[in-house]
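Since the structure comes first, as structure tokens, the remarks are kept for the end.
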Number of protein chains: 2
Amino acid sequence: MLQEESQKRDIQNCPLTYAMNVISGKWRLPIIWALWKNDTLRYNELKRRIDGITNMMLSQVLKEMEIAGLIVRKQYLEIPPRVEYSLTQEGKDLVPSLEALARWGKHMQNR
Amino acid sequence: MLQEESQKRDIQNCPLTYAMNVISGKWRLPIIWALWKNDTLRYNELKRRIDGITNMMLSQVLKEMEIAGLIVRKQYLEIPPRVEYSLTQEGKDLVPSLEALARWGKHMQNR
DNA sequence: CTGCATCCCATGTGATACTG
DNA sequence: CAGTATCACATGGGATGCAG
């Protein structure tokens, strides 16, 4: 439809919409937050810190965030398998903006 | 379920999750942006500036944002009806954080 | 002009089981 | 340990028509 077309254009053109899409979703912020606090985490360490997430959602969202350039995945060819995740520089650059948003949210909650 | 419980707790406790919920959704940012640029707009003016939105979505989202404290609705008891919308101070306070996010998004798009 | 009600569909998310 | 596959469901969003 025409509507979808204009929406797609928005997503491609508007930096804010782009940013929102990158951090939207139930699990993206918890993942960013966990990796921000811990620098590097293995798959199962991450899973244990994010309460309620399933393997399906975790692996899916991690893959999307890697493609988006937010996190980096480092795989070691060992038995048993070891995979470590951490934030890219861009992912780290995002945090101050999120903290600003959080301050605003805190203010709204206390109103 | 237990999961929903913990999710609800997150929404209530985490200021960032709270803020994200307030600005998430297909039409919230376009509305904020339109009111930021124009200060005050009537219902139909707003609708004309937000390409593709239906009456149903516009009125629904406006009501939610009013309850959230982002916008203020001013109704004039005239015939034909006139209703004007504008950002609250809190709504305006949100904009700098959004602009920071937008700068980050622009950087990511150019990478 | 400024909305609301009904019905419908797409997408995101989840439960469960399985694999290299 | 680090995932994938399948099936199912809840939620957000939309088309259409009606209303004060």
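Side chains included, hydrogens not; waters and symmetry mates left out as well; all remaining heavy atoms used. Every chain is numbered from 1, with letters handed out A, B, ... down the list of sequences.
An OP1 or OP2 oxygen of C:dC4 is reached within less than 4.0 angstrom by no side-chain nitrogen or oxygen of B:Tyr43. The phosphate of D:dG13 (OP1 or OP2) has no side-chain N or O of B:Arg28 nearer than 4.0 angstrom. Taking 4.0 angstrom as the limit, B:Lys26 places a side-chain polar atom (N or O) nearer than this to OP1 or OP2 of D:dG14. A close approach under 4.0 Å does not occur between any side-chain nitrogen or oxygen of A:Tyr85 and OP1 or OP2 of D:dC1. For A:Lys63 and D:dT4, the shortest distance from a side-chain N or O to OP1 or OP2 is below 4.0 Å. One finds a side-chain N or O of B:Trp27 lying less than 4.0 angstrom from the OP1 or OP2 phosphate oxygen of D:dG14. The side chain of A:Arg42 contributes no N or O atom lying less than 4.0 Å from OP1 or OP2 of D:dC1.
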Could I get a table of every N or O pair under 3.5 Å where one atom is in the protein and the other is in nucleotides 16-19 of chain C?
none

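Residue-to-nucleotide proximity on DNA chain C shows that, of A:Val61 and B:Pro81, the 5′-proximal contact is made by B:Pro81.
Using a 4.0 Å cut-off between charged nitrogen and carboxylate oxygen, A:Arg73 and A:Glu84 do not count as a salt-bridge pair.
Checking C:dT2, D:dC1, D:dG3 against the side-chain heavy atoms of A:Pro80 singles out D:dC1 as nearest.
Rounded to the nearest 0.5 angstrom, A:Ile53 CD1 and A:Leu62 CG are separated by 7.0 Å.
Residues A:Lys106 and A:Asn110 have side chains in contact (heavy-atom distance under 4.5 Å, counting atoms from C-beta outward).
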